[in-house]
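Have a look at the structure below, then the notes.
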Amino acid sequence: MKAYAKRLFDEAAKKLDYLNDVDYALERPKQEAHGDLSCNAAMLLARALKRKPREIAQEIVDALEPDDAVEKIEIAGAGFVNFFFSNAFLANAAKDALERGEKFGASDLHKGKTANVEFVSANPTGPLTVGHGRNAVVGDAVANFLEAVGYQVDREYYFNNAGRQMRVLGESVKARYLEALGETTLFEDHFYRGEYVKEIAEKLVEEHGDNLKDEPAEGAFKARAEAEIFKDIAGTLERLNVRHDRFYNERDLYDDGRIDATLDAMKERGLSYEKEGALWFKFSEMGGEEDRVMVKSTGEPTYRLPDVAYHLTKFERGYDAIVDVFGADHKDAYPDVLAAVKTLGYDVERVKVIVHQFVTVLKDGEVVKMSTRKANYVTLDELIDDAGADAVRYFFSMRSVSSHMNFDVDLARKQNEENPVFYVQYAHARISSVLRALDDADLAPSAERLDLLVAPEERRLLVLLNRFPEAVRHCAEFFELHHMTGYLAELASAFHKFYTECRIIGSDKALAEARAALAAATRVTVANGLRLLGVSAPERM
RNA sequence: GCGCCAGUAGCUCAACCGGAUAGAGCAUCAGCCUUCUAAGCUGAGGGUUAGUGGUUCGAGUCCACUCUGGCGUACCA
């Protein structure tokens with residue numbers, strides 16, 4: 001609809017030069033009485049032209065040359081130009097959906113381009129928590145949407161198994177191991193206290209008895225912990241239908257010399273210096289906040305150095321779009337990384353950073369202060385156990401990423417029947433059910449007579465089908481998944497109303513088959529929307 | 001202190017580049033199943049968009065200040 005109206009305006013602009021000078025909007029009005037699409041150009045021009053907006057609106061309308069796609073164009077309010085599309089035009093979307101099936105909504109807008117989406121990226125120090133869930137869901141869905149607009153997408157998980165956290169984890173496992181052997185140990189305050197640490201230690205006792213007593217914590221203990229925890233993380237992600245194409249180990253950056261190369265490159269440009277035994281980068285000269293330590297006086301790099309080197313590899317791998325998904329707690333790091341990458345000659349415009357706000361978890365009416373180390377958390381697995389993978393994915397997708405969200409675990413548990421995801425899935429199941437019943441009534445969906453679909457409920461569904469491709473593009477561009485959940489809720493609602501008011505079986509054959517086609521097209525659309533969000537579309541409920 | 005994100009109905013959240021009468025779900029109340037799935041539909045109530053000032057044809061949206069909450073502000077990641 002928007003594309004069509006835009007073409008009309010572009011044509012009109014050849015006659016009305018002032019249309020070229022104004023950044024007008026083509027929006028869908030909140031109220032149906034205001035049509036399917038609305039343009040505010042006349043109001044925006046009124047001042048510059050020193051004329052009345054409605055007068056300008058009239059001039060614009062006179063200059064537009066619509067064909068029969070448009071039923072009427074009205075001037076309303078302060079000077080809005082409102083479009084009402086014809087049913088014949090709207091019905092095209094239903095035909096599209098039926099013909100293109102799973103491809104409906106997809107486009108080749110970015111065909112031939114590649115994208116890298118990095119998400120989750122939790123170090124293997126413990127099970128994924130509810131907080132990671134938001135990251136996983138957002139990252140995976142964003143990747144889906146990028147694929148839908150033509151990108152070839154790599155999903156990447158970046159991790160570090162060499163830092164202090166992992167060292168402490170190894171020590172924690174060893175301490176539990178010795179405890180299990182009956183020795184008294186000092187379980188230090190900063191150790192990881194989670195049950196999973198004990199479980200790993202117990203496995204080691206079962207398999208090796210006391211043979212590991214003299215092993216260093218950093219050896220077998222850490223290695224086993226990493227392997228077990230990663231297995232656990234992978235299992236959790238699998239349950240959420242989230243998969244990564246590549247796990248990128250920070251260590252590789254050291255092994256293949258990228259860390260040193262990054263240091264050298266900065267040194268060559270005179271952007272690093274030594275102070276108090278540490279190596280600093282001059283971020284203040286690169287547009288960053290202030291200079292930062294990159295290599296500590298101990299000789300150990302800070303996390304920023306590998307972060308820079310890692311991002312350089314993404315550029316070297318030639319991605320057209322580089323998407324980073326992380327929580328608000330990591331927000332301070334990326335401006336420096338981008339500043340360094342830019343200084344080294346790369347186009348940082350390709351990087352899109354999605355910062356999602358924190359998830360506040362409520363349990364038993366209380367806020368749970370999450371800490372992996374202190375073993376104070378609600379795991380993602382527990383949440384999936386309680387609410388189901390579909391509800392978890394839908395729930396995280398429903399909120400704007402920039403919004404803090406409250407996650408009431410007790411509510412999620414009860415939400416079985418009240419969760420909005422079921423409303424949408426139910427529409428899919430209901431349609432599936434009607435379509436199954438068609439055979440017995442000797443009917444089949446047919447797009448031959450879609451012109452018969454003139455009831456308000458039918459028209460409304462058609463309008464929504466028209467909006468789906470736009471909604472997909474919007475999500476791929478702005479990464480705001482809640483626009484898709486909102487769209488799907490509207491679509492499901494429109495269907496349920498249609499279902500209540502417009503009988504399929506029992507109507508005249510031509511009308512029944514046109515309605516069946518509309519239902520089938522709606523089912524395709526619901527299924528595609530849910531699939532992009534990583535949510536299942538059940539045929540029976 | 002400084003930086004970022006937010007504050008909208010009882011609760012959880014929407015509102016696309018500033019547009020027309022601020023919308024959903026849940027909860028509450030009142031209706032609708034002899035016919036394709038009632039996990040549905042219809043209707044009702046519920047708002048000083050945290051506050052104050054400003055910008056303009058028009059502000060929940062932009063600007064300034066104030067208040068409240070979250071996150072950050074490391075030679076932690």
Side-chain angles (χ1 to χ4, degrees), chain A residues 23-31 33-34 38 40 43-44 46-47 52-53 76-80 82 121-123 125 160 163-166 250 275-280 289-290 292-304 306-307 327-333 335 355-358 360 395 398-408 411 415-423 425-427 429-438 440-441 443 470-471 474 477-478 480 482-483 485-486 489-490 492-493 495-497 499-501 503-507 512 515-516 519 540-541:
Chain A
D23 191 18
Y24 58 85
L26 288 168
E27 293 182 311
R28 85 188 114 83
K30 283 177 191 159
Q31 288 176 68
H34 295 146
S38 176
N40 63 351
M43 277 114 67
L44 296 173
R47 171 185 283 259
K52 289 185 178 131
F80 292 97
N82 295 336
S121 294
N123 286 337
T125 58
N160 164 22
R164 196 187 82 92
Q165 291 179 352
M166 290 300 293
E250 181 186 313
K275 192 176 93 181
E276 295 160 9
L279 186 83
W280 299 64
E289 284 275 302
E290 52 189 317
R292 305 279 188 189
V293 170
M294 301 305 272
V295 182
K296 302 186 228 172
S297 51
T298 60
E300 219 177 346
T302 64
Y303 68 93
R304 288 168 202 273
D307 268 7
D329 56 336
H330 284 223
K331 192 173 184 176
D332 257 30
V355 179
H356 66 260
Q357 292 299 314
F358 258 50
T360 303
F395 195 85
M398 260 166 54
R399 268 69 179 185
S400 160
V401 287
S402 62
S403 208
H404 300 268
M405 58 182 279
N406 287 326
F407 205 125
D408 188 326
L411 197 66
Q415 239 168 6
N416 290 329
E417 306 218 339
E418 294 157 13
N419 193 298
V421 72
F422 295 106
Y423 182 78
Q425 289 182 317
Y426 181 55
R430 234 181 177 184
I431 297 170
S432 302
S433 172
V434 189
L435 296 181
R436 280 193 298 270
L438 288 180
D440 292 340
L443 293 167
E470 284 165 26
H474 194 273
E477 187 176 354
F478 298 103
E480 288 288 12
H482 67 287
H483 286 142
T485 59
E490 263 189 83
S493 166
F495 174 76
H496 288 309
K497 284 172 193 172
Y499 182 89
T500 306
E501 296 299 324
R503 306 281 310 170
I504 295 175
I505 297 166
S507 300
R515 283 177 171 172
R540 295 173 202 271
M541 284 175 77

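Below, each value reflects all heavy atoms present in this structure, side chains not excepted, and no hydrogens, waters or symmetry copies. Residue numbering restarts at 1 for every chain, and letters A, B, ... go by the order of the sequence lines.
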Give the nucleotide from the list [options] with an atom nearest to the side chain of [X].
X	options	answer
A/R540	B/A15, B/A20, B/U37	B/U37
A/Q357	B/C41, B/C5, B/C76	B/C5
A/N160	B/A77, B/A14, B/C16	B/A77
A/W280	B/C16, B/A77, B/C75	B/C75
A/A278	B/C75, B/U37, B/G25	B/C75
A/S400	B/A14, B/C17, B/C41	B/A14
A/R430	B/A38, B/A74, B/A39	B/A38

Regarding [X], tell me which of base, sugar-phosphate or nothing describes its non-hydrogen contacts under 4.0 Å with the strands shown.
X	result
A/Y499	base
A/Q31	base
A/A427	nothing
A/M405	sugar-phosphate
A/E276	base
A/A429	base

Using the [atom1] atom in both, what is the distance from [N] to [M], to the nearest Å?
N	M	atom1	result
B/G19	B/U35	P	47 Å
B/G47	B/G1	P	35 Å
B/A39	B/C17	P	38 Å
B/A22	B/U48	C1'	13 Å
B/A14	B/A9	C1'	13 Å
B/U56	B/A50	C1'	24 Å
B/A27	B/A64	C1'	39 Å
B/C29	B/C13	P	24 Å

Nearest whole angstrom, please: distance from the [atom2] of [N] to the [atom1] of [X].
X	N	atom1	atom2	value
A/D440	B/U37	CG	P	11 Å
A/H356	B/G70	NE2	C1'	13 Å
A/E501	B/C36	CD	P	15 Å
A/F495	B/C36	CZ	P	13 Å
A/K275	B/A74	NZ	P	13 Å
A/E27	B/G18	CD	C1'	9 Å

Legend entry - Side-chain donor or acceptor of A/S433 paired with backbone N/O of A/A429 under 3.5 Å: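 Judged by distance alone, no pair lies under 3.5 Å.
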
Legend entry - Donor-acceptor contact below 3.5 Å, side chain A/R304 vs main chain A/V293: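 It does not hold such a pair.
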
On the nucleotide [N], are OP1 or OP2 found under 4.0 Å from the side-chain N or O atoms that [X] carries?
X	N	value
A/T500	B/C41	no
A/K296	B/C76	yes
A/H496	B/A39	no
A/S38	B/A20	no
A/S403	B/A14	yes
A/Y426	B/C41	no
A/H482	B/C16	no

Side-chain donor or acceptor of [X] under 3.5 Å from a matching atom on the base of [N]?
X	N	answer
A/S297	B/C75	yes
A/H474	B/C16	no
A/N82	B/A20	yes
A/H404	B/G69	yes
A/H330	B/A77	yes
A/T302	B/A77	no

Legend entry - Pairwise 5' ranking along RNA chain B for A/D23 and A/G77, keeping only the more 5' one: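 Counting from the 5' end, the first nearest nucleotide belongs to A/D23.
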
Legend entry - Toward the 5' end of RNA chain B, by each residue's nearest nucleotide, A/E300 or A/R292: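 In this pair, the answer is A/R292.
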
Legend entry - Minimum heavy-atom distance A/M398-A/P420, with the two atoms named: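 Looking at all heavy atoms of both residues, the closest pair is SD-CG, 3.9 Å.
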
Legend entry - Exercise: identify the closest heavy-atom pair between A/N40 and A/A25: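 Nearest pair, atom of A/N40 first, then A/A25: OD1-N, 2.8 Å.
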
Inset, instruction - Between protein and nucleotides 54-61 of chain B, map the contacts as a letter string: B base, S sugar-phosphate only, - none, heavy atoms under 4.0 Å, written 5' to 3'. - result: --SB----

Would you indicate whether the side-chain heavy atoms of [Y] and [X] approach each other to under 4.5 Å?
X	Y	result
A/N160	A/M166	no
A/M541	A/F422	yes
A/R28	A/E470	no
A/M43	A/Y24	no
A/H496	A/R430	yes
A/V355	A/V401	no

Legend entry - Residues A/R515 and A/S507: side-chain donor-acceptor under 3.5 angstrom: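 Indeed, the side chains of A/R515 and A/S507 share at least one donor-acceptor pair under 3.5 Å.
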
Legend entry - Bracket notation of RNA chain B in which parentheses pair within the strand, [ ] cross earlier pairs, and | pairs with another strand (Watson-Crick or G-U, under 3.5 Å): (((((((..((((.....[...)))).(((((.......))))).....(((((..]....))))))))))))....

Inset, instruction - Return the stacking result for B/A20 and A/H34: yes when the ring centres lie under 5.5 Å apart and the planes under 30°, no otherwise. - result: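 Yes; centroid distance and tilt both under limits.
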
Inset, instruction - Flag as yes if A/F80 stacks onto the base of B/A20 (centroids under 5.5 Å, planes under 30°), otherwise no. - result: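 A/F80 vs B/A20: stacking yes.
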
Inset, instruction - If the glycosidic angle is within 90 degrees of 0 it's syn, otherwise anti, so just tell me which one B/C33 is. - result: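 Syn, since the glycosidic angle lies within 90° of 0.
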
Legend entry - Anti versus syn assignment for B/C63, with syn defined as within 90° of 0: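 Classified anti.
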
Legend entry - Stepwise side chain to side chain contact (heavy atoms under 4.5 Å, CB included) check, A/E250 with A/Y303: CA-CA 10 Å; A/E250 181 186 313; A/Y303 68 93; over 6 Å; no

Inset, instruction - Measure up the A/H483 and A/H474 rings against each other and bin them: parallel (under 30°), tilted (30 to 60°), perpendicular (over 60°). - result: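 Aromatic pair A/H483/A/H474 classed perpendicular.
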
Inset, instruction - Please indicate whether A/R436 has more than 12 foreign heavy atoms, meaning atoms of other residues, nucleotides or ligands, lying under 6.0 Å from its CZ. - result: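 Yes - once you tally the heavy atoms of other residues, nucleotides and ligands closer than 6.0 Å, there are more than 12.
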
